[in-house]
Trainee: 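Take a look at this one; I'll ask things after.
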Amino acid sequence: QVQLVESGGGLVQAGGSLTLSCSDSARTLRYYDMGWFRLAPGKEREFVASINTGGETPHYSDSVQGRFTISRDNAKGTVFLQMDSLKSEDTAVYYCNAGTLVTDGTFLPGVSWGQGTQVTVSS
């Protein structure tokens, strides 16, 4: 089981940027397709972005397409989520996950979740 740790959240004004990081001390996430999800109060968990093991194939939800960028550094065992042009509706706890990408691009989350990192966007 992968032990994931997210970091980089915080409070930012609308229009601003944040970069989230996700890592695991054993550096095993290089073997997984990785995804970012978010959970806002009163809402269901929402898929945000995913990337394959080699980092060549990012996928995004419609709500973040063009504003967020997922990337990974397998040598460092870290996955990033660069978030630009943030909106108040991006406010949520963000989680990374080690899972599997299927052929149609759908990301199937695995059982390993981090503790999450809070992102708050003030309008």
Side-chain angles (χ1 to χ4, degrees):
Q1 191 170 356
V2 183
Q3 303 292 328
L4 300 170
V5 178
E6 302 94 339
S7 61
L11 174 63
V12 64
Q13 290 188 332
S17 298
L18 281 174
T19 299
L20 306 183
S21 300
C22 170
S23 61
D24 80 297
S25 58
R27 297 192 177 185
T28 57
L29 63 77
R30 68 181 67 188
Y31 303 116
Y32 294 87
D33 300 319
M34 296 296 297
W36 284 97
F37 292 77
R38 64 188 182 187
L39 183 61
K43 295 185 178 181
E44 294 185 354
R45 185 182 63 197
E46 177 188 12
F47 167 80
V48 174
S50 65
I51 192 165
N52 66 324
T53 52
E56 307 98 350
T57 313
H59 293 277
Y60 303 95
S61 68
D62 290 343
S63 60
V64 307
Q65 178 76 47
R67 300 188 298 121
F68 290 12
T69 303
I70 188 172
S71 61
R72 64 193 302 160
D73 184 334
N74 285 337
K76 296 182 178 179
T78 305
V79 177
F80 304 97
L81 186 68
Q82 173 70 37
M83 306 186 296
D84 299 316
S85 302
L86 283 162
K87 305 175 182 179
S88 58
E89 51 262 45
D90 295 319
T91 295
V93 179
Y94 284 71
Y95 299 87
C96 64
N97 180 270
T100 305
L101 278 167
V102 297
T103 53
D104 66 354
T106 301
F107 183 83
L108 301 179
V111 298
S112 298
W113 295 91
Q115 83 290 347
T117 185
Q118 176 71 49
V119 172
T120 303
V121 183
S122 63
S123 57

Trainee: What residue pairs, at least two apart or across chains, pass ring pair (Phe, Tyr, Trp, His ring centres under 6.0 Å) with a residue in residues 72-107?
Mentor: F37-F107
Trainee: Any side-chain heavy-atom pair from M83 and D90 closer than 4.5 angstrom?
Mentor: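 SC-SC contact between M83 and D90 ruled out.
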Trainee: Mind checking side chain to side chain contact (heavy atoms under 4.5 Å, CB included) for V111 and listing every partner two or more places apart, or none if nothing turns up?
Mentor: Q1
Trainee: Would a single hydrophobic cluster contain both L86 and V93, if residues Ile, Leu, Val, Met, Phe, Trp and Tyr are joined by side-chain heavy-atom contacts under 4.5 Å?
Mentor: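 As far as the 4.5 Å side-chain criterion goes, L86 and V93 are not connected within one cluster.
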Trainee: Taking only residues two or more places apart in sequence or in another chain, which ones pass side chain to side chain contact (heavy atoms under 4.5 Å, CB included) with Q115?
Mentor: V5, E6
Trainee: For E56, what residues pass the side-chain hydrogen bond (donor to acceptor under 3.5 Å, both in side chains) criterion, not counting sequence neighbours?
Mentor: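 With neighbours one apart ignored, the set is N52.
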Trainee: Shortest non-hydrogen contact from L20 to G9?
Mentor: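 Heavy atoms only, the tightest pair is CD2-N, 3.6 Å.
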Trainee: Not counting sequence neighbours, which residues clear side-chain hydrogen bond (donor to acceptor under 3.5 Å, both in side chains) with T28? List them please.
Mentor: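 Applying side-chain hydrogen bond (donor to acceptor under 3.5 Å, both in side chains) to T28 gives D24.
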Trainee: Examine distances only and state if a side-chain atom of T53 and a backbone atom of Y31 form a donor-acceptor pair shorter than 3.5 Å.
Mentor: no
Trainee: Which residues pass the side chain to side chain contact (heavy atoms under 4.5 Å, CB included) test with D62, not counting sequence neighbours?
Mentor: none
Trainee: Provide the full list of side-chain hydrogen bond (donor to acceptor under 3.5 Å, both in side chains) pairs with a residue in residues 102-114, sequence neighbours left out, each pair given once.
Mentor: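 Sorted result for residues 102-114: D104-T106.
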Trainee: Looking only at atom types and distance, does a side-chain atom of Y60 sit under 3.5 Å from a main-chain N or O of I70, one as donor and one as acceptor?
Mentor: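 Here the side-chain-to-backbone pair exists.
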Trainee: Is there a path of hydrophobic side-chain contacts, each under 4.5 Å between heavy atoms of I/L/V/M/F/W/Y residues, joining V121 to V64?
Mentor: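 Yes, one cluster joins them.
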Trainee: Can you name the closest pair of heavy atoms from W36 and S21 and give their distance?
Mentor: CH2-O, 3.6 Å
Trainee: Checking S88 now: which residues fulfil side-chain hydrogen bond (donor to acceptor under 3.5 Å, both in side chains) with it, not counting sequence neighbours?
Mentor: none
Trainee: Side-chain donor-acceptor pairs under 3.5 Å in residues 39-51, sequence neighbours left out?
Mentor:
residue: E46; atom: OE1; partner: R38; partner atom: NE; Å: 2.8
residue: E46; atom: OE1; partner: R38; partner atom: NH2; Å: 3.3
residue: E46; atom: OE2; partner: S63; partner atom: OG; Å: 3.1

Trainee: Could you note down all residue pairs passing disulfide bond (SG atoms under 2.5 Å apart) where residues 56-101 supplies at least one of them, sequence neighbours left out?
Mentor: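 Applying disulfide bond (SG atoms under 2.5 Å apart) to every pair that reaches into residues 56-101, excluding sequence neighbours, yields C22-C96.
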Trainee: Excluding sequence neighbours, so at least two apart, what forms side chain to side chain contact (heavy atoms under 4.5 Å, CB included) with R27?
Mentor: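 Expected list: R30.
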Trainee: Under the rule for side-chain hydrogen bond (donor to acceptor under 3.5 Å, both in side chains), what residues qualify as partners of S17, not counting sequence neighbours?
Mentor: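 S17: side-chain hydrogen bond (donor to acceptor under 3.5 Å, both in side chains) contacts with D84.
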Trainee: Hey, could you give me the CG/CG distance between L81 and L18, rounded to the nearest 0.5 Å?
Mentor: 9.5 Å
